[in-house]
Amino acid sequence: MYDGGKIITGIVIFLLFALFPIYSNFGKTYKPPKPDLNTPEIQKMEVKKCVEPKEYMRAEHMKLLVDWRDAALREGKRTYINSRGESYFISLQNTCMRCHSDKKKFCDECHKHAGVSPYCWDCHFAK
Amino acid sequence: MGMDRREFLRLAGLTCIGIGVGGAQLFVRARIASSEFAPTDERLNAERWAMVIDLRKFRTEEDYQRVIDACHRIHNVPKMPDPEDEIKWIWTEDFEHSFPGQMNPYVPPEIEEKPILLLCNHCTNAPCTRVCPTKATFKRPDGITAQDYHRCIGCRFCMAGCPYGARSFNWRDPKKFVKDPNPEYPMRGPGVVEKCTFCVERLEKGKRPACVEKSNGAMLFGDLNDPNSEVRRYLAEHFSIRRKPELGTQPAVFYIIGGEDHV
């Protein structure tokens with residue numbers, strides 16, 4: 001084999017770079033985000049429920065918000081009747097954020113972790 | 001290559017099944033909530049919303065300002081320092097610029113000098129909605145020219161299309177210029193167009209537009225298609241004019257100007 005040494009050093013350097021994300025995180029424990037539900041409005045609730053089941057909200061809240069937005073503004077339907085048959089007034093600021101009034105410890109907690117920064121707050125107040 | 005035709009087909013088939021199952025799962029996940037949308041119970045409904053402004057009842061500066069402030073305050077309309085950046089939903093203009101076609105040299109001075117209260121006309125044939133490339137502005141079935149800020153890309157075609165100057169563009173971030181924001185209503189950001197929406201968000205809660213409510217009876221709001229509505233009865237008794245009728249846009253804002261209608 002010609003230039004075996006060079007090739008092997010090359011491969012080692014390549015692996016060093018390529019595997020950097022793996023070994024630099026090795027041994028660190030994964031810290032999932034802990035969205036905080038401790039707000040006055042949620043404290044007041046006897047049964048602590050969101051507008052939909054928690055698992056659904058966790059995975060689909062962005063889609064739900066877009067559906068809310070389109071129903072409210074494009075179809076003029078501002079009542080949301082959820083899968084349990086309960087009605088909510090459609091409003092990001094006055095419904096979601098009334099319960100989740102601590103945006104920093106709730107929405108942002110997950111979003112920072114996931115590296116998303118929804119642009120909604122350019123216009124919508126989070127109280 | 002060590003893969004024969006049969007092997008290849010087998011793998012391709014399995015792949016297709018895999019994609020199908022995955023896709024179906026996504027579909028199921030997106031629909032787990034058997035939810036529905038409906039209009040609110042309190043909602044005010046009309047076939048064709050319209051407004052009548054009886055300018056005879058606007059006498060002092062305060063009469064105008066009260067109505068303008070009511071709107072601009074609840075909708076977080078900023079007061080821009082530079083008039084070039086002005087944002088307005090409802091404002092005043094002189095007679096000549098409001099009703100250019102109706103101007104003549106003999107218009108009485110009290111009318112020529114009277115401020116005219118202007119806002120979006122919610123035209124039946126709204127040119128703004130025809131030119132909007134994203135349908136951010138569109139006609140609702142009840143006649144309101146709606147504005148969906150989420151879709152606005154800031155192209156300003158609608159501003160070019162509107163013959164009434166009813167639309168404002170946010171050249172700068174408006175947030176800094178709203179002193180005491182109403183936390184119940186959203187702001188707008190730089191790069192979107194905004195205007196009067198006939199208070200759709202209030203109609204949903206059973207309330208008439210803010211300006212009408214604060215006008216002490218000088219402004220009326222109702223269904224143009226209902227002969228018994230307040231606006232229709234008023235229009236039947238008083239001669240009214242609309243802005244630039246010759247353009248064929250069919251404005252839904254009617255003005256009562258000038259003295260009594262008796263001969």
Side-chain angles (χ1 to χ4, degrees), chain A residues 39-41 49-103 107 117-127, chain B residues 25-26 28-46 49 75-76 78 134-144 146-152 170 173-175 178 181-192 194 197-198 200-206:
Chain A
T39 66
E41 203 62 38
K49 283 188 302 189
C50 195
V51 295
E52 291 289 355
K54 185 177 181 168
E55 292 67 36
Y56 179 81
M57 289 310 289
R58 188 175 284 179
E60 306 283 346
H61 63 278
M62 38 321 239
K63 186 175 170 296
L64 182 77
L65 280 170
V66 168
D67 290 347
W68 273 29
R69 180 188 75 192
D70 290 347
L73 300 186
R74 305 206 73 89
E75 289 167 50
K77 294 180 176 167
R78 296 206 191 204
T79 301
Y80 178 69
I81 305 160
N82 71 8
S83 52
R84 303 185 290 260
E86 300 154 346
S87 297
Y88 287 88
F89 182 70
I90 290 186
S91 173
L92 173 55
Q93 287 167 224
N94 305 320
T95 304
C96 305
M97 303 319 284
R98 188 174 42 95
C99 285
H100 299 298
S101 50
D102 196 340
K103 169 176 166 280
C107 315
S117 43
Y119 70 107
C120 319
W121 316 114
D122 288 359
C123 300
H124 288 271
F125 293 107
K127 296 240 170 82
Chain B
Q25 211 164 18
L26 274 181
V28 168
R29 235 171 57 141
R31 329 217 89 235
I32 71 160
S34 56
S35 55
E36 276 180 87
F37 293 96
T40 55
D41 294 336
E42 317 87 272
R43 181 176 219 249
L44 298 183
N45 292 297
W49 285 119
H75 295 120
N76 298 322
T134 60
K135 290 226 175 1
T137 189
F138 60 99
K139 290 304 287 181
R140 303 199 333 165
D142 59 6
I144 292 178
Q147 184 75 8
D148 184 345
Y149 303 96
H150 308 92
R151 285 205 192 181
C152 179
N170 284 285
D173 192 347
K175 266 189 281 310
V178 182
N182 168 14
E184 312 228 310
Y185 195 80
M187 277 296 323
R188 272 71 55 198
V192 296
E194 58 180 272
T197 63
F198 262 3
V200 277
E201 85 288 358
R202 289 171 59 89
L203 299 178
E204 303 292 350
K205 295 197 156 170

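Proteins come first, then strands; the chains are lettered A, B, ... in the order of their sequence lines, and each starts at number 1. Predicted, not measured: the structure shown is a model, and the values here were computed from it.
If you measure heavy-atom distances from B:Asn182 to chain A, the contacts under 4.5 Å come from the backbone alone. Residue contact with chain B, scored on non-hydrogen atoms closer than 4.5 Å, is absent for A:Leu64. For chain B, the nearby part of A:Arg69 is the side chain; its heavy atoms alone come within less than 4.5 Å. Proximity to chain A is limited to the side chain of B:Lys205, based on heavy atoms less than 4.5 angstrom apart. Residue B:Tyr185 touches chain A through its backbone alone, counting heavy-atom pairs closer than 4.5 Å. Contacts between B:Asp142 and chain A at a heavy-atom distance below 4.5 Å are absent for every atom of the residue.
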Exercise for review: Start with the C-alpha gap between A:Arg78 and B:Val200, add the side-chain angles, then the distance that decides, and say whether side-chain contact (heavy atoms from CB on, under 4.5 Å) holds.
Suggested key: CA-CA 11 Å; A:Arg78 296 206 191 204; B:Val200 277; 4.0 Å; yes
Exercise for review: Start with the C-alpha gap between A:Lys77 and B:Glu36, add the side-chain angles, then the distance that decides, and say whether side-chain contact (heavy atoms from CB on, under 4.5 Å) holds.
Suggested key: CA-CA 10 Å; A:Lys77 294 180 176 167; B:Glu36 276 180 87; over 6 Å; no
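In this structure A:His61 satisfies the side-chain contact (heavy atoms from CB on, under 4.5 Å) test together with A:Met57, A:His111, sequence neighbours excluded. For the side-chain contact (heavy atoms from CB on, under 4.5 Å) test, residues two or more places apart in sequence or in another chain that qualify with A:Leu65 are A:Leu92, A:Cys96.
Between the side chain of A:Gln93 and the main chain of B:Pro183, a donor-acceptor pair closer than 3.5 Å is present.
Of all heavy-atom pairs spanning B:Arg43 and A:Gly76, the tightest one is NH2-O, 3.4 Å. When all heavy atoms are compared, the tightest approach of A:Leu73 to B:Phe138 is O-CZ, 3.3 Å.
Annotation: A:Arg58, atom CZ; neighbour count of heavy atoms from other residues, nucleotides and ligands within 6.0 Å does not exceed 12.
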